Engineer: 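Here you go, one structure.
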Amino acid sequence: MRILKTLAGAAMALAIAGPAFAQQIIVVTHGQANDPFWSVVKNGVEEAAKNTGADVDYRAPETFDMVQMSQLIDAAVNQEPDGLVVSIPDADALGPSIERAVKAGIPVISMNSGSDVSKKLGALLHVGQDEFTAGKAAGEKLKEMGGKTALCVNQEVGNVSLDQRCAGFKEGFGGNVEVLPTGNDPTEVKSKVQAALESNQDVDTILGLGAATVGEPAVQAVEAVGRGGKVNVASFDLSSGFLKDVAAGKAAFAIDQQQFLQGYLPVVFLALDAKYGLVPGGNVPSGPNLITKDKAEQVVDLSAKGIR
């Protein structure tokens, strides 16, 4: 974490101290900016654009659609930008488009998802967290808390990074783990989690893969079936609502991957690369950090402001 903060501070200092950059950088992710998680990523992108003076354009498909996302990457390559930032939830679907960008001489940095394939596809580096390792850490913590039977609630089936989270969770938890597929609609998530809890009274642990879309409705589902305090709920990522649940003891912890940095740092790095040829020599881990009850209140306000 100290190394990460040093990198972030150096990047910001260089960005602010240097003359305004005029580079064009395009960011293409699989997450829509109106999603609570991805709105924070976009805030990081916009902050980096302001600090560097670069012309930065954020683009994403309307839904989780790899065909549309690959088309967005291809369109970005055709514009010949000075840098390209991409998330890689499905390397098979997006790899050819990313490799086309690299072949065209466009510097690419991956973020959020794809740490395991980023280098192979030709990206300069990856900014994010190792999803399997983060899932394993969550599993180990929830096992320590007495968990034996768990649900891993996946709101984006087909997203390799989310599959890795559940796989890591299974290894770290060591008990019975069922993957419960849902969509991104919190109402649907609550309904499905509630049904799963009613059909299996042994479930004592729930891991959500998104705080606003899964974590919050999972807490609501636990309370709806009258099992508050008997089922530990944890979730990846942050939302002000889920952090309040953690602070109130209704949820165990949140797993913070600091997605603001995932939007901010790649833009700054690409701007510095274009201007000075400066780029970090390896991947930058933005997480994971476990936000427990003692820490939750400290970051609620920042989450509500779209920074955490």
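A quick note: this is a predicted structure, and the numbers were derived from the prediction, not measured.
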Engineer: Mind listing the closest non-hydrogen atom pair of Q164 and D116 along with its distance?
Structural biologist: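 Residues Q164 and D116, closest heavy atoms: NE2-OD2, 3.2 Å.
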
Engineer: For residues N154 and D163, is any side-chain donor paired with an opposing acceptor at under 3.5 Å?
Structural biologist: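 There is such a pair (donor and acceptor under 3.5 Å, judged by atom type) between the side chains of N154 and D163.
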
Engineer: Mind checking the CD-NZ spacing from E171 to K136? Nearest 0.5 Å is all I need.
Structural biologist: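 Separation between the atoms: 4.5 Å.
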
Engineer: Does a donor on one side chain sit under 3.5 Å from an acceptor on the other, for Q259 and D237?
Structural biologist: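 No donor-acceptor contact under 3.5 Å links the two side chains.
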
Engineer: Which pair of non-hydrogen atoms, one from V231 and one from V203, has the smallest distance, and what is that distance?
Structural biologist: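 Of all heavy-atom pairs spanning V231 and V203, the closest is CG2-O, 3.7 Å.
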
Engineer: Report yes or no: do W38 and I25 belong to one cluster of Ile/Leu/Val/Met/Phe/Trp/Tyr joined by side chain heavy-atom distances under 4.5 Å?
Structural biologist: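 Cluster IDs for W38 and I25 match.
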
Engineer: Under a 3.5 Å cutoff, is there a donor and acceptor pairing between the side chains of E216 and S239?
Structural biologist: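 Yes, a side-chain donor-acceptor pair sits under 3.5 Å.
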
Engineer: Charged N to carboxylate O under 4.0 angstrom, K50 versus E47?
Structural biologist: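 So K50 pairs with E47 through a salt bridge.
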
Engineer: Contact between I109 and L270 at the side-chain level, heavy atoms closer than 4.5 Å - yes or no?
Structural biologist: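 In short, these two side chains touch, coming nearer than 4.5 Å.
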
Engineer: Using a distance-only test with no angle check, is there a side-chain donor-acceptor pair under 3.5 angstrom linking D74 and S97?
Structural biologist: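 Note: D74 and S97 side chains meet the donor-acceptor criterion.
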
Engineer: In the hydrophobic clustering (ILVMFWY, side-chain contacts below 4.5 Å, transitive), which residues join V179, or is it alone?
Structural biologist: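 None; V179 is a cluster of one.
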
Engineer: Just by distance, with hydrogens left out, do N78 and R100 show a side-chain donor and acceptor under 3.5 Å apart?
Structural biologist: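 Per modelled atom types, N78 and R100 side chains form a pair under 3.5 Å.
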
Engineer: A side-chain contact here means heavy atoms from C-beta on lying under 4.5 Å apart; do V153 and L209 qualify?
Structural biologist: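 With C-beta onward as the side chain, the pair stays apart.
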
Engineer: Under a 3.5 Å cutoff, is there a donor and acceptor pairing between the side chains of Y264 and N51?
Structural biologist: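 Their side chains do contain a donor-acceptor pair, which is all the 3.5 Å distance test asks for.
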
Engineer: What do you reckon, is CD of Q79 surrounded by more than 12 foreign heavy atoms closer than 6.0 Å?
Structural biologist: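 Yes - once you tally the heavy atoms of other residues, nucleotides and ligands closer than 6.0 Å, there are more than 12.
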
Engineer: Does the T52 side chain pair with the main chain of A48, one donor and one acceptor, at a distance under 3.5 Å?
Structural biologist: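 Yes, the answer is positive, given that a donor and an acceptor are paired below the 3.5 Å cut-off.
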
Engineer: Under 3.5 Å, side chain of S235 to main-chain N/O of G210, donor-acceptor pair present?
Structural biologist: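 Side chain of S235 to backbone of G210: a pair is present.
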
Engineer: Around atom NZ of K192, are there more than 12 heavy atoms of other residues, nucleotides or ligands at under 6.0 Å?
Structural biologist: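 Count over threshold, so yes.
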
Engineer: Under a 4.5 Å side-chain heavy-atom rule over Ile, Leu, Val, Met, Phe, Trp and Tyr, are V40 and L302 clustered together?
Structural biologist: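 Yes.
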
Engineer: Can you tell me how far apart CD (Q24) and CD1 (I26) are? Round to the nearest 0.5 Å.
Structural biologist: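 Between Q24 CD and I26 CD1, I get 4.5 Å after rounding to 0.5 Å.
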
Engineer: Just how far is it from atom OG of S39 to atom OH of Y58, taken to the nearest 0.5 Å?
Structural biologist: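 Going from OG on S39 over to OH on Y58, the span is 9.0 Å.
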
Engineer: At their closest point, which heavy atom of C152 faces which heavy atom of F169, and how far apart are they?
Structural biologist: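 Where C152 meets F169 most closely, the heavy atoms are CB-CD2, 4.1 Å.
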
Engineer: What's the spacing between I88 CD1 and N112 CG if we round to 0.5 Å?
Structural biologist: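 If we round to the nearest 0.5 Å, I88:CD1 and N112:CG are 10.0 Å apart.
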
Engineer: How long is the span from the NZ atom in K120 to the CD atom in E99, to the nearest 0.5 Å?
Structural biologist: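 If we round to the nearest 0.5 Å, K120:NZ and E99:CD are 8.5 Å apart.
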
Engineer: Mind checking whether L162 and V193 sit in one hydrophobic cluster, side chains of I, L, V, M, F, W, Y counted as touching below 4.5 Å?
Structural biologist: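 No.
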
Engineer: So do the side chains of F253 and K141 get within less than 4.5 Å of each other, counting heavy atoms only?
Structural biologist: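 Yes - at least one pair of side-chain heavy atoms lies under 4.5 Å apart.
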
Engineer: For S115 and H126, test the side chains for any donor-to-acceptor distance below 3.5 angstrom and give the result as yes or no.
Structural biologist: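 Not at all, the side chains of S115 and H126 share no donor-acceptor pair under 3.5 Å.
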
Engineer: Go through the side-chain N and O atoms of S303 and S240 and say whether any donor and acceptor fall under 3.5 Å apart.
Structural biologist: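 No donor-acceptor contact under 3.5 Å links the two side chains.
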
Engineer: Under the salt bridge (Lys or Arg N to Asp or Glu O under 4.0 Å) rule, what do K275 and D273 come out as? Steps first, then yes or no, please.
Structural biologist: CA-CA 6 Å; K275 183 73 175 181; D273 180 46; over 6 Å; no

Engineer: Look only at the side chain of Q262 and the backbone of V127, and say whether a donor-acceptor pair between them is shorter than 3.5 Å.
Structural biologist: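 No, because the side chain of Q262 does not come within donor-acceptor range (under 3.5 Å) of the backbone of V127.
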
Engineer: Search all heavy atoms of A224 against all heavy atoms of K190 and return the closest pair with its distance.
Structural biologist: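 Taking every non-hydrogen atom into account, CB-CE, 4.4 Å.
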
Engineer: Is it the case that D294 and T292 place a side-chain donor and acceptor less than 3.5 Å from each other?
Structural biologist: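 There is such a pair (donor and acceptor under 3.5 Å, judged by atom type) between the side chains of D294 and T292.
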
Engineer: Can you find a pair of side-chain heavy atoms, one from I106 and one from P81, that are under 4.5 Å apart?
Structural biologist: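 Side chain of I106 against side chain of P81, heavy atoms only: contact under 4.5 Å found.
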
Engineer: Below 4.5 Å, heavy atoms only, C-beta onward: do V27 and T29 meet side chain to side chain?
Structural biologist: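 Answer yes - side chains close enough.
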
Engineer: For G306, does its backbone N or O pair with a side-chain atom of N43 as donor and acceptor, under 3.5 Å?
Structural biologist: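 Judged by distance alone, yes, a pair lies under 3.5 Å.
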
Engineer: Does R165 make a cation-pi contact with F236 (under 6.0 Å, within 45 degrees of the axis)?
Structural biologist: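 R165 over F236 ring: yes.
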
Engineer: Do other residues, nucleotides or ligands put more than 12 heavy atoms under 6.0 Å from the CD atom of Q68?
Structural biologist: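 Count over threshold, so yes.
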
Engineer: Any Lys/Arg nitrogen of E46 or K42 sitting under 4.0 Å from an Asp/Glu carboxylate oxygen of the other?
Structural biologist: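 So E46 pairs with K42 through a salt bridge.
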
Engineer: Do Q155 and N184 pair up side chain to side chain, a donor and an acceptor below 3.5 Å, judged on atom types alone?
Structural biologist: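 No pair is found: no donor N or O on one side chain lies under 3.5 Å from an acceptor on the other.
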
Engineer: For a 4.5 angstrom cut-off between non-hydrogen side-chain atoms, does N232 reach I206?
Structural biologist: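 No, side chains not in contact.
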
Engineer: Cluster question for you: counting only ILVMFWY and a side-chain heavy-atom cut-off of under 4.5 Å, with indirect links fine, are L121 and I73 together?
Structural biologist: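 Shared cluster, yes.
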
Engineer: Measure across Q258 and S286 and return the closest heavy-atom pair with its distance rounded to 0.1 Å.
Structural biologist: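 For Q258 and S286, the tightest heavy-atom pair comes out as NE2-O, 2.7 Å.
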
Engineer: Could you tell me the separation between the CG atom of N200 and the CG atom of L151, rounded to the nearest 0.5 Å?
Structural biologist: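 With rounding to 0.5 Å, CG (N200) is 7.5 Å from CG (L151).
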
Engineer: Any side-chain heavy atom of M111 sitting closer than 4.5 Å to one from V41?
Structural biologist: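 Yes, close enough: below the 4.5 Å cut-off.
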
Engineer: When you compare the side chain of K295 with that of N289, does any pair of heavy atoms fall below 4.5 Å?
Structural biologist: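 N289 vs K295: side chains apart.
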
Engineer: For T149, is there any backbone N or O sitting under 3.5 Å from a side-chain donor or acceptor partner on D204?
Structural biologist: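 Yes, D204 side chain to T149 backbone: donor-acceptor pair under 3.5 Å.
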
Engineer: Are I291 and I307 grouped together when hydrophobic residues (ILVMFWY) are joined by side-chain heavy atoms under 4.5 angstrom apart?
Structural biologist: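 No, no single cluster joins them.
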
Engineer: Which atom pair, heavy atoms only, marks the closest approach of E131 to S161?
Structural biologist: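 Answer, listing the atom of E131 first, then S161: CB-O, 3.6 Å.
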
Engineer: Regarding D256 and R308, does a basic nitrogen lie under 4.0 Å from an acidic carboxylate oxygen?
Structural biologist: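 The answer is yes: the pair qualifies as a salt bridge.
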
